[in-house]
Asks: 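Before we start, here is the structure in question, set down as structure tokens.
Small disclaimer: the values here were computed from a predicted structure and weren't measured. Below, read A as the first sequence line, B as the second, and so on, with proteins coming before strands; counting in each chain starts at 1.
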Amino acid sequence: MVRDRGRDPRPDPRRDPADRLPSPRSRARLLRAADHGARRAHRACARRAARARAPREATGLTDVTLAPRFDPKAIEVRWQEAWARSDAFRAPSRAPGARFSMVLPPPNVTGVLTLGHILGGSVMDALARWHRMRGEATLWVPGVDHAGLATYVEVRRRLAKEGVRIEELTREEAIAAVDRWRQDHERRIVEQLRAGGFSLDWSRYRYTMDAGSVRATRTAFVALYHDGLVYRGERMVNWDPVLRTAVSDLEVQNVEEDATLAFVRYPWADGTLGGMEVATVRPETMFGDVAIAVHPDDARYAEALGRFVIVPLAHRRVPVIADAAVDPTFGAGALKITPRHDPIDREIALRHPDLATPVEIFDESARLTGSGVPAEFHGLDRSTARARTLEALEREGFLVRTERYRHSVGRSERSNAVIEPRLSMQWFVRMAPLAAPAIAGVRSGEIRLHPERWTPTFFRWMEGIQDWCISRQVPWGHPIPVSHCRACGQDTVTIDPPTQCAHCGSRDLTPDPDVLDTWMTSWMWPFASLGWPERTEDLAEYYPTSALVTGRDIVFFWVARMMMAGYRFTGRAPFSDVYFTGMLQDEQGHRMSKHLGNSPDPLDLISDRGADALRFAMLFPNPVSEDGPFGTSTLDGARNFLTKVWNLVRFTLPHVPPGAPPPASPELSSSSALENRWILARYRRAAEEFDAALAGFEPTRAATVLHGFVWHDLADRYVEVAKEALAGRRGDPLLRETRSTLLFVVERALRRLHPFAPHVTEELWHALPHDGDLLATSRWTPADEAPADPEAEVAMEAVLETIRLLRNLRAEEQVPSGTTPPAWVRPAGPEIADVLARERATVARLARVASLTLLAASDPAPAGTAGRVAPLGECYLERPADAPTASEALLREREKLTGLLAKERARLTDAGFRSRAPPSVVSEVEEKARDLAERVRRIDDHLKAAGSPPAG
RNA sequence: GGGCGCGUAGUCUAGUGGUUAUGACGUCACCCUGACACGGUGAAGGUCGCCAGUUCGAAUCUGGCCGCGCCCA
């Protein structure tokens, strides 16, 4: 019944409740609609159907028609193709004037785009389109990231499902398998980006493993190597025993987990009774122990220093040593030292060079191996070994007791395996020298972070930065550009893969088997994607880039490192502004993640509600820079808003004369209609704030301003007021002025909305008179082409407020919808009286009253009326004969006002306030108190006149 | 354990010393009004986390406490 309205004869499958799952809200609405009285609805439908059938020649000014309902599917692809056809987003190679450039943070070819990508894309496209429309040469570079480990893990998992272990493939086979996966996902990602309508310059599409990226990566590595900023060394690294590779500190997630803390007795080596009690959560590492350490000031162990204990089960003799790093309050205050398998232990061991050389007890999969491990435990993996060790210790009487213990465990971001600290030979980047210029850049304001509050976090991390482990023991990634010479044992490190040793000329070279961390390529993205290390025209024209938009989760992985790379390799900051988006949550407040499977596929949402709605929903109403929920109600809100805009243009179209020129700057005079002056002033204000918000990286504020302006000022207020003039009942010049004002404001609103909702605005703009082929590339219109007009704003405020008061009275008094009782207003001052006298007809029409009579200050309140007292004056409405008695609203108002009045009076009697507050504030309060007292008095008068006793 | 950030109607949120605390969603009532029910009109809903302090005046500044989140160890 709801859909059977006779306006659109085509069946619309989306309207059929059986075809989709209605949200709880729309379900409620359907039920309500059904409930609402079938007969009434039916009558209305019939009336509408008749209307729709009647030709529109009464207005007949234009033959352009828009579908009665906004249907994104019907328009989005069409405009995407139109933009592509006209190369609208290809950045000019050489152009005069300002530049705006950005790189798209290249999505991982691991999978498909998530809503997080759409969030960032929506912000970036808003910026790109806004700058482009303002005439700046605008470049937005698309690309995808090979995403080293992340992609490798994905493919590894996929192959495992098919029964293939990627570790058993040859290097070439593994790379080929990953690359096939990459190609599939690259296609899908590009398709998603196109469906979003993002204004990327596809002619400059890049991939982090294309030839240019290979060259950039090798060039950078070689430069750092020769500058001594890349080195190879045996260090304690985070070892992922599942993927069997080292990972960087950032790729380790620390999580709180329960463990068993075992108190183990290490007996004295000389056979004396007793021994040292050691607390450990990792008893299985005891086979690698080289010492027991205590704090040097720990009196309990003063005697023990220099003595030896026996490592239980291993039957090895190790010394008791003193080191200040030991926490005497933890456990028994004694720490077993296993230097190959714990970073703190290693540091302690390095301070005690006379200790035995530590033995390695784990293999690359963290299974117990090596000569120090008793046969009983050989080949066991860590967790089995732990349990068996505990059993053995207990059996042999070395286990004193155990405790439950909650502590932080490092897990590999990619495999979730518990990280095994492991001493191994790896490549590192020396970070401190690279970080310094980046810190200085942010400190000096050369690079600005938005929102600003993330700067302290940034500094903290940068200032404590550790060297970066960049080698990975997997096949997928950029090979480390180092070859070892078997003849002379030296390394050859060159940009082009060498054919012979740079030192001895031998051809017996072995390339380093490892690959580079994926961020070793992406940290150069802002300039590598523009052609570096070649001195390309794009690099000259568009580097440094203007803005970088990304999620806060990769501030250290990526943003900080881009700054370092930018300063190091180009001598400049890679971007001037960084905008961090928040993390999306589902409607239950859980962070959206692929892992939880609670992020919907953007393509599904686009095909359901349209790319424009999805994009607008990303920016409004929840602030982009905060973590916040996203769900159907947000999406519905955006869709509803765009439908509103659609209908606003449908309303406008019949008022556009055929052949009318595109709207130009408005020409109004002081004799122009108030509503026209007002809406232009409101537009000016909104447009200024919109521009300021975008310039200040506040996309949500820009969207909010626009939403409020379009919906409330333009559609709800202006259009309703202007209907009178548009009907031609107030004379020709006014009709012309109103039509051109309406057209102007609607068209300009579409322009401002275009960066947020490009497709629908493009469609609507084409339905209106327009210059040029595309809104996307049309010239910008500055806010100040509309006059500021504070007078009109104040005057209109009085009109709107009067209407609101009278409507309020109608509702309070339950005036039946069909009747129009007479009304009276006693304006508070002559200016308001003037305005209301002029706009009397408007007020009467919109408040739905039969007449509006202005009262003088001395006139008594009309009998038989209900009244409201407001700052602008008093309003009275004739009460229905059978209306209920006293006006509760008036009493409530009185109570509120007397409360306020008491507060102001209290301040005025406070001597401190009078003597210390600025005189302007004092007089403001005095005036407010006078005004409040006057309003209370009028309420009392009115209550008296209406026969109710004034409230105490 | 350390650091940073955040606590404002049922939910999300604006608001950096004087506002009758902003808006959206949700709620309630009325309404198919010649663009729009994916709509209109009106209303209700807040001791601005708690406690002290600074100030003539605090949602706003300071300190402490409580709660939540993130990062680091």
Side-chain angles (χ1 to χ4, degrees), chain A residues 2 5 24-26 28-29 32-33 36 40-45 47-48 51-52 54 56 58-59 66 68-70 249 254 327 408 410 451 453-461 464 552-553 555-556 583 587 589 591 609 613 620-623 626-629 631 633-634 636-655 700-701 704-705 707-708 711-712 715-716 719-720 723 727 803-804 807-812 814-818 846-848 871 889 896-897 899-900 903-904 907 910-918 920-922 924-925 928 932:
Chain A
V2 174
R5 308 176 83 187
R25 189 178 145 213
S26 57
R29 208 164 267 154
R32 220 181 302 143
H36 226 254
R40 196 157 31 149
H42 198 79
R43 240 184 297 133
C45 287
R47 218 180 311 149
R48 278 179 177 232
R51 242 183 256 150
R56 262 271 165 81
T59 50
L66 290 169
R69 183 174 283 271
F70 164 49
D249 296 344
N254 292 300
D327 175 4
S408 179
R453 66 172 180 279
W454 299 115
T455 5
T457 315
F458 173 83
F459 284 133
R460 206 181 112 73
W461 187 75
R552 221 174 42 240
D553 49 338
V555 54
F556 305 134
M583 300 285 115
E587 279 173 315
R591 181 172 159 173
R609 294 285 198 250
F620 176 90
N622 293 318
E626 303 289 333
D627 298 353
S633 69
T634 309
D636 281 351
R639 189 265 323 256
N640 294 355
F641 174 58
L642 297 179
T643 304
K644 189 78 188 177
V645 174
W646 182 270
N647 283 306
L648 179 62
V649 175
R650 283 184 66 219
F651 171 83
T652 306
L653 275 178
H655 300 293
T700 298
R701 197 179 123 217
T704 306
V705 166
H707 178 271
W711 202 316
H712 302 305
D716 286 349
V719 163
E720 291 311 317
K723 274 176 180 170
I803 292 169
R804 197 183 63 79
R807 282 171 168 172
N808 194 332
L809 279 170
R810 277 191 76 101
E812 290 284 342
Q814 296 173 9
V815 175
S817 60
L846 293 183
R848 305 179 66 199
K896 192 166 125 189
L897 293 183
L900 288 170
K903 219 172 83 184
E904 302 305 341
R907 291 172 78 185
D910 181 344
F913 174 70
R914 281 199 179 275
S915 58
R916 300 203 196 191
S920 65
V921 173
V922 176
E924 240 172 67
V925 172
K928 199 191 282 179
L932 287 168

Asks: Not counting sequence neighbours, which residues clear side-chain hydrogen bond (donor to acceptor under 3.5 Å, both in side chains) with A:Arg807? List them please.
Replies: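 A:Arg807 satisfies side-chain hydrogen bond (donor to acceptor under 3.5 Å, both in side chains) with no residue once adjacent residues are dropped.
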Asks: Identify whether any heavy atom of A:Val719 sits under 4.0 Å from a base atom; if not, whether one sits that close to sugar-phosphate; answer base, sugar-phosphate or nothing.
Replies: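 Base contact.
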Asks: Checking contacts here: which listed nucleotide (B:G42, B:C12, B:C36) is nearest the side-chain heavy atoms of A:Asn808?
Replies: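 Given the options B:G42, B:C12, B:C36, the side chain of A:Asn808 is closest to B:G42.
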Asks: Let me know the distance between CG of A:Asn622 and P of B:A14, rounded to the nearest Å.
Replies: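 Taking atom P of B:A14 as the reference, CG of A:Asn622 is at 10 Å.
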Asks: Which value, in whole Å, describes the distance between the C1' atoms of nucleotides B:C51 and B:G67?
Replies: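 Those two atoms are separated by 15 Å.
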Asks: Measuring only the P atom in each nucleotide, how far is B:U11 from B:U27? A whole number of Å is fine.
Replies: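 To the nearest whole Å, 15 Å.
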Asks: Rounded to whole angstrom, note down the C1' distance from B:C48 over to B:U20.
Replies: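 15 Å, rounded to whole Å.
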Asks: Paired with B:G63: which nucleotide, if any, by Watson-Crick or G-U wobble criteria at under 3.5 Å for both distances?
Replies: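 Its partner is B:C51.
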Asks: Find which nucleotide of RNA chain B each of A:Glu720 and A:Thr643 is nearest to by heavy atoms, and output the residue with the more 5' nucleotide.
Replies: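 Its nearest nucleotide being more 5', the pick is A:Glu720.
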Asks: I want to verify a distance call: between B:A24, B:C56, B:U13, whose nearest atom is closest to the A:Asp910 side chain?
Replies: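 The answer is B:C56.
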Asks: Which nucleotide, B:A24, B:G42, B:G40, lies nearest any side-chain atom of A:His707?
Replies: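 The closest nucleotide is B:A24.
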Asks: Could you give the distance separating B:C32 and B:A37 at their C1' atoms, to the nearest angstrom?
Replies: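 Roughly 7 Å separates the two C1' atoms.
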Asks: Do A:Asp636 and A:Arg639 meet the salt-bridge criterion of a basic N to acidic O distance under 4.0 Å?
Replies: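 Judged by the 4.0 Å cut-off on N to carboxylate O distance, A:Arg639 and A:Asp636 do form a salt bridge.
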Asks: Of A:Val815 and A:Pro871, whose nearest nucleotide on RNA chain B comes first from the 5' end?
Replies: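 On the 5' side of the pair lies A:Pro871.
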Asks: Identify all pairs in which a protein N or O lies below 3.5 Å from an N or O of nucleotides 15-18 of chain B, and state each distance.
Replies:
{"residue": "B:G18", "atom": "N2", "partner": "A:Arg907", "partner atom": "NH2", "Å": "3.4"}
{"residue": "B:G18", "atom": "N3", "partner": "A:Arg907", "partner atom": "NH2", "Å": "3.3"}

Asks: Is A:Arg69 side chain donor-acceptor paired with the B:C38 base, going by distance under 3.5 Å alone?
Replies: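 A donor-acceptor contact between them is present.
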Asks: Which nucleotide in the set B:C31, B:A24, B:A35 lies at the smallest distance from any side-chain heavy atom of A:Lys723?
Replies: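 Per side-chain heavy atoms of A:Lys723, the pick is B:A35.
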Asks: Under a 3.5 Å cut-off for both distances, is B:G5 Watson-Crick or wobble paired, and to whom?
Replies: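 B:C68 - that is the nucleotide pairing with B:G5, both distances being under 3.5 Å.
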Asks: Mind calculating the distance between NE2 (A:His655) and C1' (B:A35) to the nearest angstrom?
Replies: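 About 9 Å, once rounded to whole Å.
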Asks: Nearest to the side chain of A:Arg807, heavy atoms from C-beta on, is which of B:U20, B:U41, B:A24?
Replies: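 Given the options B:U20, B:U41, B:A24, the side chain of A:Arg807 is closest to B:U41.
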Asks: Contact class for A:Thr652 (heavy atom, under 4.0 Å): base, sugar-phosphate, or nothing?
Replies: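 If one applies the 4.0 Å heavy-atom cut-off, A:Thr652 turns out to touch nothing in the nucleic acid.
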Asks: Report the relative orientation of the aromatic rings in A:Phe641 and A:His707; use parallel for angles under 30°, tilted for 30 to 60°, perpendicular for over 60°.
Replies: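 Ring orientation, 0 to 90° scale: tilted.
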Asks: Any heavy-atom pair between the side chains of A:Asp627 and A:Arg552 that's under 4.5 Å?
Replies: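 Of all side-chain heavy-atom pairs linking A:Asp627 with A:Arg552, at least one is under 4.5 Å.
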Asks: Between atom CD in A:Glu904 and atom P in B:U20, what is the gap in whole Å?
Replies: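 Taking CD of A:Glu904 and P of B:U20, I get 6 Å after rounding.
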Asks: Just the rounded figure in Å: distance from C1' of B:A35 to CH2 of A:Trp646.
Replies: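 Between C1' of B:A35 and CH2 of A:Trp646: 12 Å.
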Asks: Looking at CG of A:Asn808 and CD1 of A:Ile803, how far apart are the two atoms once the value is rounded to the nearest 0.5 Å?
Replies: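 A:Asn808 CG to A:Ile803 CD1: 13.5 Å, rounded to 0.5 Å.
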Asks: Contact between A:Thr634 and A:Pro621 at the side-chain level, heavy atoms closer than 4.5 Å - yes or no?
Replies: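 A:Thr634 reaches A:Pro621 side chain to side chain.
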Asks: For B:A43, give its Watson-Crick or G-U wobble partner with both distances under 3.5 Å, or none.
Replies: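 In the structure as shown, B:A43 has B:U27 as its Watson-Crick or wobble partner.
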Asks: Take nucleotides 2-9 of chain B nucleotide by nucleotide from the 5' end and write B, S or -, depending on whether a protein heavy atom sits under 4.0 Å from the base, only from the sugar-phosphate, or from neither.
Replies: BSSS----
Asks: How far does CG of A:Leu642 sit from CG of A:Asn647, to the nearest 0.5 angstrom?
Replies: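 Here the interatomic distance stands at 11.5 Å.
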Asks: For A:Ala911, answer base if it contacts any base atom (sugar-phosphate contacts may also be present), sugar-phosphate if it contacts only those atoms, and nothing otherwise; contact means non-hydrogen atoms under 4.0 Å.
Replies: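 Contact class for A:Ala911: none.
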Asks: What is the pairing partner of B:A21, taking Watson-Crick or G-U wobble pairs with both distances under 3.5 Å in any strand?
Replies: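 Pairing partner, where one exists within any strand: none, as none qualifies.
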Asks: State, yes or no, whether a side-chain contact exists between A:Phe651 and A:Val719 at a heavy-atom distance under 4.5 Å.
Replies: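 Yes, at least one pair of side-chain atoms sits under 4.5 Å.
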Asks: Decide, yes or no, whether a salt bridge links A:Arg848 with A:Glu720 under the criterion of side-chain N to carboxylate O below 4.0 Å.
Replies: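 Result for this pair is no, no salt bridge flagged.
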Asks: Could you tell me which nucleotide pairs with B:G57 by Watson-Crick or G-U wobble geometry, both distances under 3.5 Å, or answer none if nothing does?
Replies: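 When the pairing criteria are applied, nothing turns out to pair with B:G57, so the answer is none.
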Asks: Using the P atom as the reference point in each nucleotide, state the distance between B:G45 and B:G10 in Å, no decimals.
Replies: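 Result for the P pair: 12 Å, nearest Å.
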Asks: B:U41 C1' sits how many Å from A:Leu846 CG, rounded?
Replies: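 Spelled out: CG on A:Leu846 to C1' on B:U41 is 11 Å.
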Asks: So, taking the atom named NZ in A:Lys723 and the one named CG in A:Leu846, what distance separates them when rounded to the nearest 0.5 Å?
Replies: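 Going from the NZ atom of A:Lys723 to the CG atom of A:Leu846 covers 9.0 Å.
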Asks: In whole Å, what separates the P atom of B:U13 from that of B:G69?
Replies: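 Going atom to atom, P in each nucleotide, I get 15 Å.
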Asks: A:Arg804 has a side chain; which of B:C12, B:A43, B:A73 sits nearest to it?
Replies: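 My answer, after comparing the listed nucleotides, is B:A43.
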Asks: Going by heavy atoms in the side chains, are A:Thr643 and A:Arg69 under 4.5 Å from each other?
Replies: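 A:Thr643 vs A:Arg69: side chains apart.
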